[in-house]
Visitor: 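Can you keep this structure in mind? I'll have questions shortly.
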Amino acid sequence: MTQQLTGATTAAGTGTRWWRDAVIYQVYVRSFADSDGDGIGDLRGIEGRLPYLAELGADAVWLTPFYGSPQADGGYDVADYRVVDPLFGTLADAESLLRTAHGLGLRVIVDVVPNHTSDRHVWFREALAGGGRARYHFRPGRGADGELPPNDWQSVFGGPAWTRVADGSWYLHLFAPEQPDLNWENPEVRAEFEAILRFWLELGGRGVDGFRVDVAHGMVKAAGLPDIGTAEQVQMIGSQTLPFFDQDGVHEIHRAWRTLLDSYAGERIGVAEAWAPSAGRLALYVRPDELHQAFNFQFLRCPWDGAAMRAVVDESLAATASVGAPTTWVLSNHDVVRHVTRYGGGAAGLRRARAAALLMLALPGSVYLYQGEELGLPEVTDLPDELREDPSFFRSAGQEGLRDGCRVPIPWTGDGPSYGFGPGPGWLPQPESWGKHSVAEQTGDPGSTLELYRTALALRRRLAGLGDGPMHWLDGPEGVLAFSRPGFVCTVNTLPRPVELPAPGRLLLSSAAPDISGESVRIPGDSCTWWAI
Ligand code: NOJ
């Protein structure tokens with residue numbers, strides 16, 4: 001039966017600044033490209049692959065931490081914020097990468113990790129020796145001999161969020177014990193991070209174009225560090241208020257950082273990695289005098305279900321519009337199971353992942369792509385335990401170390417010891433199927449996921465305004481999402497079976513070819529189609 005598409009509701013804002021509709025490609029440095037054959041991706045490797053990213057159609061690249069670090073948490077444990085870890089290269093390599101990226105018209109965003117340092121940071125070493133403890137959260141323990149942690153907070157990676165030191169006191173670490181939390185009530189901490197931001201904003205002259213702010217919701221803790229009363233705290237993140245996350249005090253820090261960013265030419269941006277209990281609370285991080293963007297984890301967490309997706313889109317757009325900010329869309333990153341696998345894996349997972357990509361690229365807002373999603377890579381679920389590096393794997397049986405399976409090195413060629421990732425094997429083994437997923441194998445194949453992304457990104461650029469401005473829902477049968485943008489309609493069939501609709505316009509692009517006959521079109525299950533109107 002042919003279903004009618006008719007109009008309803010709207011959302012979104014307008015704007016012209018680059019970050020409002022930017023496509024930002026996340027590079028997980030350790031796993032992108034290895035130039036020197038040590039099995040670990042590095043800055044020179046990335047620099048060599050920048051033309052690929054420019055040609056793919058990215059506007060900016062976000063690099064995960066490459067600073068001096070013992071790598072207890074993939075570099076999110078920083079011992080020296082002003083150097084490049086020798087694993088990844090040198091400061092000169094970072095400058096060269098910035099120059100090359102800028103020459104190709106790509107902006108570069110780097111991570112800043114302000115919630116915690118490494119336990120090898122000079123400040124923490126001083127603290128262990130008894131000096132400068134006010135930069136961290138040291139407390140006496142509870143119990144007759146102080147043998148119990150100061151409160152009941154749990155680490156995000158499992159186990160208590162406190163570790164006891166030789167003199168009997170305890171320090172707070174919301175993540176691994178190797179990541180002591182900084183005390184942001186201490187002015188010295190604030191001053192040091194402003195200096196770190198300036199260092200990177202000025203590196204080599206033009207500097208970086210912005211920062212992804214790690215744990216942007218965590219720097220300020222509730223006064224008195226009150227107990228929570230339950231050990232089930234990790235499950236509460238992102239849905240309920242916790243005394244260590246999303247405290248109002250963090251906003252003053254973001255306002256100060258915005259003032260600092262705005263004092264530099266070139267629209268440098270801040271992106272919040274923030275877990276807030278609601279879209280409304282998340283929007284507070286992107287008020288006009290705070291950060292520019294926040295990751296939309298609600299979209300990432302949404303199952304492949306038409307009604308649920310529409311609700312998340314509406315809620316996200318309404319929340320960010322209330323503060324005049326753009327929404328972001330993200331399906332995968334280095335902390336979650338790749339979305340091909342989350343959506344069911346196999347052929348169905350890939351079909352849905354391709355459709356979800358076209359959906360997010362048709363929505364108003366900025367888009368974050370995670371390396372390898374353009375190749376349709378699935379999660380690697382059978383890594384041997386002895387090769388895993390994720391600290392959550394070692395501290396929590398419940399989380400099963402799933403963060404290594406999305407960090408497997410990228411395949412560039414159909415063969416070779418690491419499918420072109422580097423001259424030798426990579427730090428994690430790649431499945432045999434990686435060859436057929438490689439950039440080389442997919443290039444030029446019009447049915448490939450890589451070519452789908454390339455075409456979609458080129459069209460998104462050409463159809464000026466697609467990444468920003470209003471959207472308008474169209475009515476469709478249950479399970480089908482349809483919306484219009486200026487001169488454009490997007491239809492998504494989230495059902496596993498085909499649906500028949502009146503053809504909304506001229507076919508532009510589809511994740512699975514629709515069957516057009518006369519005025520009507522049969523849209524395959526789990527697919528998304530773009531139409532010109
Ligand atoms: C979020 C990062 O994305 C994750 O990889 C890291 O483990 C935590 N923050 C702690 O820094």
Side-chain angles (χ1 to χ4, degrees), residues 24-32 41 62-79 81 85 88 109-121 124 136 153-159 161 163 172-182 184 193 196 211-219 221 233-234 237-238 242 244-246 250 270-276 282 285 291 293-297 300-301 328 330-338 368-371 379 388-396 399-408 428:
I24 302 176
Y25 185 101
Q26 179 189 354
V27 167
Y28 189 72
V29 174
R30 174 179 278 267
S31 304
F32 192 62
W62 151 34
L63 305 178
T64 53
F66 50 81
Y67 316 112
S69 163
Q71 306 290 320
D73 180 21
Y76 283 95
D77 49 320
V78 183
Y81 290 82
D85 196 284
F88 304 123
I109 292 170
V110 295
D111 242 289
V112 60
V113 187
N115 180 69
H116 43 263
T117 66
S118 157
D119 62 346
R120 306 282 186 81
H121 191 283
F124 195 72
Y136 295 92
W153 294 3
Q154 295 288 302
S155 151
V156 173
F157 293 154
T163 289
L172 176 69
H173 53 87
L174 293 181
F175 295 88
E178 295 88 350
Q179 294 166 296
D181 277 51
L182 285 163
W184 275 79
F193 272 88
I196 292 165
F211 299 94
R212 177 262 191 193
V213 184
D214 189 60
V215 198
H217 55 308
M219 284 102 97
K221 279 72 180 174
Q233 297 165 18
V234 174
I237 297 171
L242 288 159
F244 51 74
F245 278 163
D246 195 37
V250 295
V271 185
E273 187 242 353
W275 290 87
L282 187 64
Y285 291 80
L291 300 177
Q293 301 179 334
F295 293 111
N296 184 351
F297 293 127
L300 180 151
R301 283 178 153 188
T328 63
V330 56
L331 290 168
S332 279
N333 64 35
H334 65 293
D335 290 331
V336 298
V337 173
R338 284 186 177 276
Y368 279 82
L369 305 179
Y370 178 50
Q371 65 181 32
E379 184 81 359
R388 291 183 185 275
E389 298 219 353
D390 181 1
S392 64
F393 172 70
F394 302 103
R395 285 177 60 85
S396 160
Q399 295 182 46
E400 291 178 281
L402 285 175
R403 299 193 310 174
D404 287 312
C406 62
R407 298 175 179 179
V408 172
L428 283 175

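First listed ligand is number 1; within each ligand, the first listed atom is number 1.
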Visitor: Keeping Trp62 on the side-chain end and Tyr370 on the backbone end, is there a donor-acceptor pair under 3.5 Å?
Guide: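 Checked: no pair found.
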
Visitor: Taking Phe175's backbone N and O only, do any of them form a donor-acceptor pair with Ser155's side chain (distance below 3.5 Å, no angle check)?
Guide: yes

Visitor: Just jot down the ligand 1 atoms closer than 4.0 angstrom to any heavy atom of Arg407, in number order.
Guide: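 Every atom of ligand 1 under 4.0 Å from some heavy atom of Arg407: 5 (O).
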
Visitor: Examine the proximity of ligand 1 to Val215 and report which part, side chain or backbone, both or neither, has a heavy atom under 4.0 Å away.
Guide: side chain

Visitor: Between ligand 1 and Arg212, can you find any atom pair, the residue atom being a heavy atom, that is separated by under 4.0 Å?
Guide: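 Judged by the 4.0 Å heavy-atom criterion, Arg212 does count as contacting ligand 1.
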
Visitor: Nearest protein heavy atom to atom 5 (O) of ligand 1, by residue and atom, and its distance?
Guide: Asp335 OD1, 2.7 Å

Visitor: Of all the heavy-atom pairs spanning Asn115 and Asp181, show the shortest one and how long it is.
Guide: ND2-OD2, 3.1 Å

Visitor: What residue and heavy atom of the protein are closest to atom 11 (O) of ligand 1, and at what distance?
Guide: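 That would be Asp214 OD2, 2.7 Å.
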
Visitor: Using the side-chain contact (heavy atoms from CB on, under 4.5 Å) rule, take Glu273 and Asn333 through it: C-alpha gap first, then chi angles, then the decisive distance, then the call.
Guide: CA-CA 11 Å; Glu273 187 242 353; Asn333 64 35; over 6 Å; no

Visitor: Ala294 and Thr328: which non-hydrogen atoms are nearest, and at how many Å?
Guide: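 For Ala294 and Thr328, the tightest heavy-atom pair comes out as O-OG1, 2.7 Å.
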
Visitor: May I ask you to list the atoms of ligand 1 that are less than 4.0 angstrom from any heavy atom of His116?
Guide: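 Taking each heavy atom of His116 in turn, ligand 1 has 10 (C), 11 (O) under 4.0 Å.
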
Visitor: At their closest point, which heavy atom of Phe244 faces which heavy atom of Gln233, and how far apart are they?
Guide: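 Taking Phe244 first and Gln233 second, the nearest heavy atoms are CE2-OE1, 3.7 Å.
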
Visitor: Which atoms of ligand 1 have any heavy atom of Arg403 under 4.0 Å away?
Guide: 4 (C), 5 (O), 6 (C), 7 (O)

Visitor: Which ligand 1 atoms are under 4.0 Å away from a heavy-atom of Phe157?
Guide: 7 (O)

Visitor: Which residue supplies the protein heavy atom nearest to atom 7 (O) of ligand 1, what is that atom called, and how far is it?
Guide: Asp73 OD2, 2.6 Å

Visitor: I want to know whether Phe193 and Tyr81 have ring centres closer than 6.0 Å.
Guide: yes

